[in-house]
Structures are given as C-alpha cells and as structure tokens.
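All remarks here apply to the structure that follows.
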Amino acid sequence: GDSGSGGGEGDGGNLSITFLPKNLGNPYFDTSNAGGEEAIEEFDGTFAEVGPAEATPDGQVSYINTLTQQGVGAIAISANDPKAICDALNEARDAGVKVVTFDSDTNTDCRDVFVNQADAEGIAKVQVDLIAEQIGDAGEIAILSASANATNQNAWIELMKEQLAADHPGIELVEVVYGDDDDQTSFDKTAALLQTHPNLKGIVSPTTVGIAAAARYLQTSEYQGKVALTGLGTPNQMREYVEDGTVTAFALWNPADLGYLAAYASKALIEGDITGAEGDTFDAGKLGEYTVGADGVVLLGDPFVFDAENIGEFDF
Amino acid sequence: MSSITQTTPAPASVRQYRDYDQPLWKRLLLTREMAIIALLIVVVIIASMTIRGFGQPITLTYLILDVTPILLIALPMTLIMITGEIDLSVASVVGLSSVVTGVLTHGGMPFEIAALIALLVGGIGGAINGFLVTVVGLPSLAVTIGTLALFRGLAVGLLGTTAVTDFPEFWTDLAKAKLGTTGVPLVIIPFLVLLVIFAVLLHFTPFGRGIYAIGLSKETAAFSGVDVGRTKFILFVLAGLVSALAGIYYTLRFGSARGDNATGMELQVIAAVVLGGVSVFGGRGALHGVIAGVLLIGVLASALRLANVTSDVINIITGVLLVISVVSSSFLAWLRTRRRAPGGKPRVEVSTAG
Amino acid sequence: MTIPPGAADPAPALELRDIRKSFGSVVALRSGTIEVDAGSIHALVGENGAGKSTLVKIVAGLYRRDAGVFRLEGAEVDFTSTADSKAAGIAVIYQEPTLFPDLSVTENVFMGRQPVGRFGRIDRKAMRAEVDGLFQRLGVRIDPDRPADGLSIADQQVIEIAKAISLDAKVLIMDEPTAALSGVEVDRLFQIARSLRDEGRAIVFISHRFDEVFDLCDTVTVMRDGAYISTSRIADTNVDEIVRQMVGRDVTELFPKQETTIGDPLLEVEGLTSAGIFHDITLTVRSGEIVGLAGLVGAGRSEVARAIFGVDHYQSGTVRLNGKPVPAKSPTAAMRLGLALVPEDRRKQGLVLDSSVSRNTTLAIREQLAKFGIITSGFENRAARVWASRLEVKTNALSTVAGTLSGGNQQKVVLGKWLATEPTVLIIDEPTRGIDVGTKAEVHRLLSELAGQGMGILMISSELPEVLGMADRVLVMREGRITAEIDRADATSENVMFAATHAEEQHS
Amino acid sequence: MSTATTTPTSNVTKRLGAIGKAREFGILLALVIVIIAATAANPNFLFSADGWRDLLLTPSILVLVAVGQAIVLITRNVDLSVGSVLGLTAYLTGRLFIDFPGIPIIAVFVIAVAFGGVLGLINGALVAFAKVPAMVITLGTLYAYRGINVLWTGSDRINASDLPKSFLALGTEQFLTIPILTIIALVVLIIAGWYMKNTRGGREFYAIGSDPAAAELYGLRVTRRLLTAFLLSGALAGLGGVLYAARYGTINSQAGSGWELDAVGAAVIGGVAIVGGVGSVWGAAIGAVLLLTINRALPILGIPDFWQRAVVGVLIIGAIVLDRVLAVRQKRKLIEARDDS
Ligand SMILES: Nc1ncnc2c1ncn2[C@@H]1O[C@H](COP(=O)(O)OP(=O)(O)OP(=O)(O)O)[C@@H](O)[C@H]1O
Ligand SMILES: Nc1ncnc2c1ncn2[C@@H]1O[C@H](COP(=O)(O)OP(=O)(O)OP(=O)(O)O)[C@@H](O)[C@H]1O
Ligand SMILES: [Mg+2]
Ligand SMILES: [Mg+2]
C-alpha cells in the first residue's frame, strides 16, 4: 500500500489526509469518513482510514506514531482521550503533520483545529427538550451513555444536568449508566435500568450505539411505548423503531458533513490558508465558507431532529 | 528351544557419563527459542528492506515505547506460567495502579509517593491472588478471572468518568526520554535491570530450579523440599508489583490515569509468552524466547501498520503466527519420525484368527 | 478358548524373534526374543534396563518395532495402537500403574469397554456387579466407587491386575505386578494366574523376585542389554544360574547386614494421629539402626512416613529429630534438620519425569549446591555424576530425561537424589521396588554402610525377606496402628505376618 | 474393613457420591442467594414478566457456549476461540438473511451450526494432530477468526431491521412463560449432560482429561474424541451465534468479543477443573447463570455502575471459595467416617 506515504510532492503541500476514528467498525464513523473521502476526492488529495479495533487511546497512539513515521499531511482524528494521545499528536505536529480533531476533541494545545458537530450546549438542549416533550415534562429519566471516559458524552451529560435543574424541575435524573458503545452491554444495561427503576418514564442515550440497543430492548419488552427513548442516533439504525413507535424522535447532525468539513479544514491547514487562529476563514466545498472560532473550534451547525415525518428522506 | 547360551561373565564395566547427549551447538540452536529469535531477525530484515520508513531509528523508539509494558509483565508471567499457573489479572493491576497514582497525585500527594503506594497496591493485589491460589487452593485461572474484574472494577470505580492528567513534567518527560541521541528510550534501562534479575532468578538459582520442578510435577517438587505454596505466592506478588510498575509507566507515557488503561492486555502478554515457547502446562520455557516473542509481535504490528495493513489483518497474522509456531515444531518432529519408520508397512495386519 | 489336552499346537501363542527397537541413539532392544506357549506361565527376567518393558510395550502396540518377527498364534502381526493389541486378545499390566485419577475404580476397570444398554447408555449395575465379582475373586478391599486418586501404589497395582484379568485375554503380560505387593496379595494373584494357565492362556510374568519366578513359572527367558540370552525350563535351572546369566557375574550376598553399634535416638515420633488414616503412632529410630516397618498393603505405613516428613497433615502428635521438633507440614524444614524421604511412588513423588537425570539428582540439594545463591548446570552435573556412578544408573548422558529410563534405573536416581542430601535419618519407602538382584545387593550394602556410619534408617518394605534380613528392629502396622515391635533376633516371617493380619495381638 | 467384601464401605460410598454433587451444590447455593437478595431488594427482579423472562433469557446463550467449553475443558484442553466463533456465525446469520431473502430459519440454524462446527474442527485438528497445547492454538484462532470477521464485516453492521420478524421473535418469545432460547439451551444442556454421564464417549472425555497418557495406554480413540470435543464446542458457539443475532438484533464485527473468558470462567466457577477430568456441564451451566445473574442483580441492589465490576469480581471469588469450603468439609467428614466404619 502506498496510499498514506505520498511524500511532499505537489505545490500546495502534502495532501495525504488520514482519518483516525475512535475505532473501526463503527457506522457513525463510517459515514463521517465517507464524507471525508468525498471531500478529499474533490480536491485531489489522498484519503486513508486507519484505526484500532477497540476504542482505546493507546491503540490510537500507535497509529498516530505510524502516521508520523509515514509523514502524512494531516491526521483527522476523533479522540478517545483528551490527554492520553496529546504527546503523540504533538510529536506528529513537530514532524510537520497537521492535526484536526473532529467529533471528540483533545486538549486545545494538541491539535490545530477542532471541527465541532454542534456546540455542546445545543446538543444537550435538543435532547433535554425532546425527552421533556415526550414524557410531559415530569417523571424519572435515566441516561445510557457510551464509555465512562468519553469526552463529548461527559460534557453533554453535565450540561443536560444543568439544564434539567434549571428549566425542568419536574424531571428527575435517577441514574447514568455506561454501555461502553458496545451493543450487548448497552442492551443489558437498558434491561437493568428498567428493572431497577420501575417508575422510569424516559431514557436519553447520547450515543448512536446506545440508543439503537436500548430501542431494540424496548421493542421486545413490556415497556414499549410506555418508556420514552431519545438521544443521538443515525436514521438507518433507528428507522424501524421510529416506524413502529418505540421511538418518536431523536437528534443528530449529519456525520458525513462532519467528515467532509474535517477534510476541508485539513486541506486548509496543509495549504497554509488557516493556522487555527480565531477568525481564520476557509472554503469547505459544498458546505460553503467556515470561520475558525475561539480555541480553534469550527462549528458545523445545529443538530437535526429526526421523526416519523422526515426519516424517510435520509440514508446514512 | 531351551538351549542355554552362556556368555562369558564380564566384570561390571565402569560406566562413563557424558554431561549431555547432544553437542552444545545443537542444544543451543535447535530450540524453540532460537526459532523465534531467528524468525524475529528475518522479519526485521525483510521489513527494513521492503517497507518504507521501517528502517528509521524512530521505529525503534516507538516500538520500545509500545512494547515496554508487555515486556515488563511478560517477565513475571513467564515464571508464573512455568509453574503451571496463570495470572489474568495483570492488565487490571496496570489499570488500578494507574488510577491509584492518578487519584493520589490529584489529591495533592507528591508523585513519587503516590507511585510507591501504587506499587504497594499492585503487590497487595498480587498477594490476594497468591493467597487464594496457594492457601485457599483455588485454580489460578478462576481466581484471576475474578480479580481481573475486581481490580478493574476498583480502578473504574475510583475514578469514574474523570481522567487525571496533571503529572509532574519531569516524570512524564522521563518516561519518553531517549538515551542520548540513539533514539532508544530510557525505559529500556529499568527493563534491562529487571530482565537480568528475572533471568538469574529463573535460570540460575535454586528458586528457579524449584519453579521448573513445580511446573513439571507439583507433587515431586513438594516431596523434594520445594515450598510450592511459597514459591507461587512470591511469583504472584512479583507479577502484581511489576504490573503496577507497568501501570505507572503507562500513566506517565500517556500522561493520563484512566480506569480502562490497558484493558485486554493480559491476552497480549499471554500470547507473547506462549509464542516465546512457554508451555501453558508448565515446566517449559526460557526468558530469551519470551523476549523474542514479545518483540516479534511488536515488530510485526509496527511493520504492518507502516505498510498500511489494517488492525484486523494484523490480528489474523498474529493468530496464524501463534498457531504455526507451535504446529511447526511438532510437524518437524513428525517428519523426522516418519523418515525413520520402517518403510511401506501396512498400518494394521492384526490376525483375528481364533 | 481352552486347549484340549494333548492337542498338537505347533504355533506358540506369542512369538517374538530378534526384535529391534531404538529410541534416538539409545538401543533399547537388540534382539528381543521370547516364545510363549498357550497354557504356560513364562518368566522374563533381566537386569534393570535389559529391555523387558520395551518388549512388553511392543507387544502392547505402544511402540512399533524397528525390525524383527512378531507372531500371534503363528500369524504375523503389526500393532499400531493399544487398541489393536486388545482386539487381538492381549492384556497387559504395565510396570507403572496408569489409572485415571478422577474416575472411580469401577470406571477405571471398564474404561473403553463398558457394558452398554439402549441408546448406548452405560449399564452401571452390570458394571458394578462384575467389579464386585472380580474384587471378590482377587480378595480386593477397595471401594469400587471411590476415585482412583489417592490410592496407594499397591492398590493401583491391584486394580491394574483386576482390569487385565477381566479382559479375559488369550495372552496376559504382567510387568512386575508384584513389585508393590506383599505376601497375601501375591498369593492371590498366583492362584488366579495358575487357574488362567489351566484354562489355556499364555502368561508372561516379569519380576525381580526369584522366589516368585520359581514358585509360579514353567519357563524362564533371560535378557541382557537388550539381547536374548537363554530360555530354560524352570525345573532344569536354579537361581544362581539365572543370576549369572542376567548379570554376567556372581552376585554377592543379598542382605549384607553389618553389625553396628546402635547409639542415641535420632528420630522420635510420639502419638502421631491423622483421623481416618493412622492412630497414635509412636516410634524411635536410633543412630546406626535400621528399623523395618512391615505390614500389609494399605496398612498406612506410607502415610506415616509422609506425615513425619511433613508432606501430609496430621492432627496430633510430635516428631523430633536430634531432640529438635520437626515442624508439621514443611518438608523443607524437615530436610534442613536432616530428614530424607524416598517416597514409594517414584513417578509421581520421586522424579520430575520430564527433567534430566542431573536435575533430578540435584533437586533436593539445589540450595547446598548454589554458590552465592547461583546454581549452574555445571555444578549439577558434577554432583549428579557422583551418584549416577555410585548407583550404576544405566544411561549414557546426565542430560537424559528421567522418564525414559527403565523402571529400576529411575528408582536408582531417586535413591541417589536423597542420599545426596546426606541425611541424619533416612526414611525409605519400598527401597528396592523394581530393582534387579545385582543392584538390590548394592542398595542393601549401601544402606548397611550408611547405618554403620551412624545414620538412622526407617525402612518401609512389603518384602518380608528384606525386612527380616536388613532390620535391627521390626515394627508392624495394621489398619493404621502399630501392632507389634519385634527385635531382629526374634523376628520371623510367622510372627510378623501374624501381627500384620490379626487385630487381637497386642505386643508391647 | 474386616472382610474381603465391599459391604462396609457402602456408607462411605454414598458420601463420596455426595462430594460430586456438592461441587455443583455450592455454586447453586450462591446463585439462589443472589436471586433472593435481588428479589428482596426489588420484587420485580423475579416477579415481573420482564424480570422473570430476563432471568432465564440473559444467561441462555452463555450457557450454550459454556457447555461446549466444559466438554473441551474436561478433556484437558481449552477453547479460547469461542467468542470469535460466536461473532463470526452471528454475522453469517445476518448475511444469510440479507443475501438470501426468504431463506428458511431452520436452514440458517443448520448452516450456522455447521459453520461453527467447522471452525471448531479446525481447532480440534490442530490440537489433536499437531499435539500442541490447545490454549496456544485457540488463542491463535481467537485472533485469526476475529480478524477474518473484521475483514469480512468491515464497518458494516446487521441491524434488527435486516432480520425477519419471525427470527427476531425467537430471541424474546416465550412458551409457557419460558423463553424459547432458554428451552433450546435446556435441551442442549440435558442432552449434553446425559451424554457426558451415561455413554462411553462421554466417559472417555473424562478419561482423556484425567490422564491423557493412560488414555493412550487403554487404547481409547483420543484423536477422535478431541476432534469431537472441539467440534461440539464450535458448533455450540455457532448455535450461540445464531441466537445472539436473534436476541440482540444488531451485530457488528466485535460481537461476542471477550466471551471466551466468560465461558471459561463460567465452567471453572461451576466446578470444571482446568486440568481436566473433573466437573460437569451442569456445573458450567449454573456457573454461566450465576455470572450473568450477578451482573443483572447488582444494579437492582443499588450498587453504582462504576463499582459493579468490582463487586462481580468479589462475588466470583466468593462463589469459588464457598464451593471449595464445602468440598473440603465434605472430604474431611468422609475421611473421619472411615474411623467409624
Ligand atoms: N521412551 C524411551 N526413550 C528413550 N529410551 C528409552 C525409552 N524407553 C526405554 N528406554 C531405554 O531402553 C532401555 C530398556 O528399558 P526397559 O524399560 O525396557 O528396561 P527393563 O528391562 O524393563 O528394566 P527394569 O527392570 O528396570 O524395568 C533402557 O536403557 C531405557 O533407558
Ligand atoms: N487421599 C486418600 N483418600 C482416601 N483413602 C486414602 C487416601 N490416601 C490413602 N488412602 C488409603 O489409606 C490406606 C493406607 O495407605 P498406605 O499407602 O499408607 O498403605 P501402606 O501401608 O503404605 O501400603 P503400601 O504398601 O501400599 O504402600 C490405603 O487403604 C489407601 O488406599
Ligand atoms: Mg521395566
Ligand atoms: Mg506404602
């Protein structure tokens, strides 16, 4: 394979960009990487995708090191840990590799730009609003998250707690459990939640794996239609549950757009159009022009709510 | 046919005892360990010639940084497996010691003291395993499946969703520092010191002789004054201590103490130890083979990653390598016996007359 | 399958001629030859390592011969597995009992050929009934439902015998079946063997005990160094003749008991009790004294020895060596105080079978051998060579794996291993099990000599002549208790056997 | 022990038989304690429809895999590849439904079980013919099979919507309140238990594990038995894979990863000796139920999520210690009984 090792030929710099998701075999990242590939083909770069089989930071570090050795142009990475991969990323940057984080950020000093799917406030708010609406703004709810250390989920959960306390006094968050982004664990945790809390009215799962597993359990249990479920999911995985009424509505941004934007941000960094400083602007193909915000954050947009009305229009 | 053939009575001849029935070179070269070392050399040579970027010194740096925890834990694991036991809890001890270091440092304790306490915790973890195996008399596989969950659970429970990342720069830098300009990481030194200690312990002390005897025949060892319980207990404590050390290194290298650090590493360690020629039934194996086994897996992974081979293929290759490494030796032995067997005899010609 | 008396039967039941077998560079058999007729008992004798067991294993289908002729009832055969030999009507009692420790005694007897009913269901009732009958016939007192694990070597041997007999085979081969048995069991076995002979079976009997050979067998074949030496009718030969052919020289007196001065008590055991196994064992071994511990198989002698040495647990009682208490449950401590135990089961307790002769010989002295805590193969080989040559272990190199030695040579390695520790008191459980005449004399001389030098020896033996010939004092055990203490001068086979079998007898 | 017959030992005999049962009894006791504790804390655990169903349903698949594992362990071998085999067959199941729409469910079962059996047979052949430790071989195939799975699946995933409703129903449907999955597991368990106890083949597994060298001397067909053991383990993992698909509905390339430790753990906790020859498939099954029931009971008992794993560890150790204590006590009684006889 020579895809990742194209040296610094070409005038605009080395446009070989490698996507490094949290783990391989995750449909969410599949979609985002496909978006990245589309973008890279548009501007004639070299796309590659590598990653560990399981979502661990040490697995990612090995790949970052390898990419450093290969001398790629940029790494687009979704971090499994905000700190653990920092040194490896900085070594890569010292070797001239640009680093873009997307989906899940590292500490700000380890990357050039973070492509944020939606600001955390917005993500937390859309989920809180959805669950409040579905359970009539009162009753017990629980959260089924990804792994305990997932940076983005933890940030959202904190914000959801704040918003619940401030705006929804009738809703009580009784427990947060972690399904480790594993189908089976999430499935079994859902079962445990429902038994432990007989008065549970709703579950929020801010992770695509979790919400699908929870929906599958609900669908086959006596709680179908009685316990509300919402969170972040992909339309293809959730279609069945929305159609049969297990789930009324859930939210997500378009992961393909996220990858697409990360690819263009990488290109802009490689070609020197931006440095990651606040106020830099760059062109992102079909998505238009974006501006780098504070702390090198590029914001994709607001999350989108899927329900029975519109889910038929999406395929990812 | 009752003729008595009388042979002349000869005086009892004085027997000559040679030390070895095979010459030194054969004993050294025709071993499982040497086969792995040879394979390692072949892989390194082929990789440097065919894979771009493999020949750089930085490869060595990353390789050593990557495999150091496995190298470290493989040392006591080898000894434990030679006694016929196993310790599946090592990776959980790595996680636990990482978390203990993190929590204590975060709580304001100097890093050095926190690390010492983490070592102690590792030692205690090992002692718990050792106690359950030797005093209570439970199978180590079952015990350490239990403590695998217990130690990991403690680690995850102690830290919850947080990860501690504020460690003194002096130490985090040291974990990644290189020896002068050679590109060889400094951590190689403590590893080499431990390697010498463990190699002498296993191969050149009465204690080590006891370890092999236990693995080959526990009962005979006990009858011969080998304190089977004490030996195993010491080894489990050593495994705990060294795993805790690996945990501290892990924490420093990634600058992050997390409950799920090194999850699943126990199988990697065991795979490497087994590849290096240690028998899971005990009694067989040597440290040079194990070191070569760890490095072989590390080098292969590093080379294949550089060649843009995905992690699943790397896993397939690791697996196939394990299988081939054990099958090939018995295949060769089989070939040898075949060549010597009387040719062309039908398999069975039992007369069932009567 | 009874042979009609007087019927002409030209082909022997079993015939092996010029069998050759080598293992790597070791030639185990050069020209193994034996011819056994139906309706006869044929003895096979030879020194340790002469190749007897190897010949047996070839007949059993465990090894394949490299060359030579192998015929059954005149037809040439070639076995590739033990299943073949079984199918051909051959039953073998191997020198070392090989039972499945986790399975019940009954299952052990019937493994692989259990009676089955509908759906292939094993008929346990039938199996049990058959075992009961078999054990009755053999006079076995082993619980058929207990697991084989923990049975004494003798009990295991008895089960092996029961198994082989129940096969109802045309050819029965017994490789030192009596090595671990005492008089009563041996008599039972012989009765059965004779009745099988009278039914027309062919029996091969291997033993190092010549009284047995002359008592039981019709014909005897002698082997030496893997080669056939001679075959003669028992009636036409005598012990000296056979020994000369076996060893190639005359053998010195068998029980060369030296007169020694008996000194102070070295080993003092008081009130040793382990519930269900032995009770209130009190005994003393003095310097220069050989104390014989006699009794029937299963009397609990080995257990006492193991408890004294600290391998097994005991509930009450004390053990002192040279006046110092020997801590319970620590062989290491016992060894440091100068105690040594040559265990009865050499394969499980005496040797690390997969380890070299050299490592085995030095296992118990590894700590003394080390210099500054470091031990090397050089040290080990040096120490091992001394003992290998003293006991004439038959092997080419010290690196030979102990498991490939012949049974008797394995026993020698175990002896050497413990003598190397230079103990003050040596407990020795069945010292000459499976050792050939020549070496047996050596071992006895060695024991005498050691006692002469002031060592105290507690010798457990099921061989009555050995006990009577060697011991200064005989203790007799029966069902876990010491029932008699008899001085050398008073000891006869009658009073020892009486104490071993009759509960009412109470000597003081 | 006075006369030559066996009459005086019959009392001892019965107690010896009791030891065998005690091995499973200790674990069963631990299981009952866990269920009672959880039900006391929250009656839903046992008495709600979902609670009852999950109690039976959750461990069923692991029971199947553990039964296969127990058979292999009893022959003194181990099959670490079961998790990978399960994952591979689970994905195969999904693919069959997608690529051959309308394929009969029974055909899928047969194909998947056969496929699992073939994977097991590969393990068995390597172990039996090359005469190398099963742990190494199956550790190798653990990696290799999983790698093939990832290679084949990529980041594809089977979703519940890809599978026929009637198939998914198998994963949840009940017959007389007993889930179908549980019935399948029970049938397999009963057959395996019967076979291991009452047939020559079954007893030979024990014999081989108890002493392989002796098995050779007895002329047992060791190679054939080993092949059978691994084939069974693979086939049961394959069956587990199909049922996994029915139960969970979503399958990605990591399905079943880590199950090998659960399966070995279940068997060992259930009294199957890792050195072979000892234990029963019943014990392994109870071990599997215990393992997963502990997992489900902990949240009910109010143990916070993060600490659950630690408690699971403590309980596993507690269960095997309890088992050990009961066995030792029984044995002591037995030896003391010899004095009385
Ligand atoms: N598997 C083997 N590998 C190597 N050498 C062997 C093996 N089996 C036997 N030998 C050697 O073959 C020779 C004959 O051994 P064998 O066991 O037949 O003797 P034996 O006559 O039965 O002696 P004993 O009376 O001591 O039992 C010995 O030197 C022994 O070391
Ligand atoms: N672990 C055990 N469990 C049950 N019974 C046992 C156990 N160990 C030994 N026994 C029995 O205790 C009795 C005493 O056996 P021991 O081996 O001490 O006899 P011995 O006098 O030394 O005879 P031998 O000549 O066979 O060595 C035997 O009946 C034996 O089967
Ligand atoms: Mg022999
Ligand atoms: Mg004895």
Side-chain angles (χ1 to χ4, degrees), chain A residues 1-7 16 18 23-25 46 48-72 79-88 90-92 95 106-107 110 145-151 153-155 157-158 176 178 180, chain B residues 51-63 65-67 69 94 98 102 155-157 159-167 169 172-173 175-176 250-265 268 298 301-315:
Chain A
D2 58 352
S3 46
S5 48
S16 81
T18 302
N23 59 335
L24 292 183
T46 319
E49 175 195 0
V50 295
E54 276 164 48
T56 57
D58 44 326
Q60 281 189 319
V61 165
S62 298
Y63 279 98
I64 297 167
N65 290 344
T66 306
L67 295 173
T68 311
Q69 282 166 269
Q70 289 176 334
V72 295
N80 277 325
D81 185 289
K83 175 70 176 46
I85 62 170
C86 260
D87 287 312
N90 278 332
E91 274 179 52
T106 58
N107 294 346
C110 323
S145 181
S147 71
N149 290 72
T151 328
Q153 268 87 2
N154 285 341
I157 291 170
E158 274 316 304
V176 180
Y178 300 86
D180 292 337
Chain B
I51 295 172
R52 250 197 68 185
F54 186 83
Q56 328 163 32
I58 189 85
T59 310
L60 183 67
T61 312
Y62 285 146
L63 176 73
L65 286 175
D66 272 353
V67 298
V94 171
S98 168
V156 175
L159 261 188
T161 61
T162 48
V164 177
T165 55
D166 40 358
F167 294 100
E169 215 155 279
T172 52
D173 286 349
K176 281 162 286 182
Y250 211 93
T251 314
L252 290 176
R253 176 175 179 214
F254 295 116
S256 165
R258 297 164 42 123
D260 63 352
N261 267 348
T263 303
M265 199 160 73
Q268 289 177 43
S302 154
L304 291 172
R305 270 200 309 266
L306 269 173
N308 276 346
V309 175
T310 47
S311 56
D312 30 304
V313 179
I314 297 177
N315 276 348

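Each chain gets a letter, A, B and so on, in the order the sequences are listed, and its residues count up from 1.
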Which bit of [X] is near chain B, if near means a heavy-atom gap under 4.5 Å: side chain, backbone, both or neither?
| X | answer |
| --- | --- |
| A:N80 | backbone |
| A:Q153 | neither |
| A:T56 | neither |
| A:T68 | side chain |

* Quick one: does B:R253's side chain get under 4.5 Å of A:V61's, heavy atoms only? -> yes
* To do: Check whether any side-chain heavy atom of B:T59 lies under 4.5 Å from a side-chain heavy atom of A:Q69, and answer yes or no.
  => yes
* Asked: By a 4.5 Å heavy-atom criterion (distance strictly below it), what part of B:F54 contacts chain A: side chain, backbone, both, or neither?
  -> neither
* Heavy-atom contact with chain A under 4.5 Å, split by part of B:I314 -> side chain
* Can you tell me how far CD1 of B:I58 sits from CD of A:E91, rounded to the nearest 0.5 angstrom? -> 6.0 Å
* Structure fact -> In terms of heavy-atom pairs under 4.5 Å with chain B, the winner among A:P57, A:G59, A:P52 is A:P57
* Atom of A:Q70, atom of B:R305 and distance for their closest heavy-atom approach -> NE2-O, 3.7 Å
* To do: Sequence neighbours left out, what passes salt bridge (charged side-chain N to carboxylate O under 4.0 Å, His left out) with A:D81? Give chain and number order.
  => B:R258
* **Test log, rule side-chain contact (heavy atoms from CB on, under 4.5 Å), inputs B:M265 and A:D58** => CA-CA 11 Å; B:M265 199 160 73; A:D58 44 326; over 6 Å; no
